[in-house]
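Both backbone and side-chain heavy atoms feed into the values below; hydrogens, waters and symmetry mates do not. Quick caveat: nothing in here was measured; it's all calculated off a predicted structure.
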Amino acid sequence: MNDFKGFFMKYRGAIIGALIAILLLCTGFYKLIVGIILVFIGIYVGNYVQLNKEDVKEKLKRWIDKM
């Protein structure tokens, strides 16, 4: 019993994380989380392009010329 308690105390963060991951997978909630992350990535990229329009044009032009 003491070994089990020591094991749980040592790895409680990993055990709790695994239980949360299993719960997210079983409920399908991860799809919503991935969608929200993609929205925030889109917001960041759009803001970056708007603020650095000329720099982005030059980088895209150089990248297309390499192709």
Inset, instruction - Go through the structure and list residues passing side chain to side chain contact (heavy atoms under 4.5 Å, CB included) with I37, not counting sequence neighbours. - result: I33, I41
Legend entry - Sequence-distant partners of I64, side chain to side chain contact (heavy atoms under 4.5 Å, CB included), two or more places apart: none
Give a yes or no on whether [X] and [Y] share a hydrophobic cluster (residues Ile, Leu, Val, Met, Phe, Trp, Tyr; joining criterion: side-chain heavy atoms under 4.5 Å apart).
{"X": "I36", "Y": "V45", "answer": "yes"}
{"X": "V49", "Y": "V39", "answer": "yes"}
{"X": "L25", "Y": "L32", "answer": "no"}

Legend entry - Atom pair CG (D65) and CE (M67), whose distance is rounded to the nearest 0.5 Å: 11.5 Å
Inset, instruction - Find the distance between CG (L38) and CD1 (I43) and round it off to the nearest 0.5 Å. - result: 11.0 Å
Connected hydrophobic set around [X], excluding itself, where side chains approach under 4.5 Å:
{"X": "I22", "result": "none"}
{"X": "L51", "result": "none"}
{"X": "L23", "result": "none"}

Legend entry - Electrostatic pair K59:D55 at N-O distance under 4.0 angstrom: yes
Legend entry - Inter- and intrachain pairs under ring pair (Phe, Tyr, Trp, His ring centres under 6.0 Å), touching residues 7-43, at least two apart: F7-Y11
